[in-house]
Amino acid sequence: MKISCQSLRERALLEFLYCTGCRVREAEKINIEDLSWENCFAIVNGKGSKQREVSVRAPAVHAFIVICSLE
């Protein structure tokens, strides 16, 4: 799967989905304020408007930091 990623953004999204178990719709709704870089977690809004906290592994955090620095 990682080989088919054509951009750093796709790689970061794939890493995030894999390590958190989030659904694509949940990942679409995440704002930068919902991510805690220091504590490696994110708050996601799931089905039925329920919020939950998910752990984010270091590779996904690093990928997001790189993406944010490019924009």
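All heavy atoms count here, side chains included; hydrogens, waters and symmetry mates do not. Everything numeric in this text was worked out from a predicted model, so none of it was measured.
Listed by first then second residue, pairs satisfying ring pair (Phe, Tyr, Trp, His ring centres under 6.0 Å) with a partner in residues 8-30 read F16-F64, not counting sequence neighbours. For residues 18-31, the pairs satisfying salt bridge (Lys or Arg N to Asp or Glu O under 4.0 Å) are R23-E26, R25-E28, E26-R52, with sequence neighbours left out.
Closest approach of L17 and C22 over heavy atoms only: CD2-O, 3.5 Å. When all heavy atoms of S55 and T20 are compared, the closest pair comes out as O-CG2, 3.4 Å. A27 approaches L13 most closely through the heavy-atom pair CB-CD1, 4.1 Å.
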Show me the side-chain donor-acceptor pairs of residues 39-48 shorter than 3.5 Å, one per line, residues at least two apart or across chains.
| residue | atom | partner | partner atom | Å |
| --- | --- | --- | --- | --- |
| N39 | ND2 | S36 | OG | 3.4 |
| N45 | OD1 | Q51 | NE2 | 3.2 |

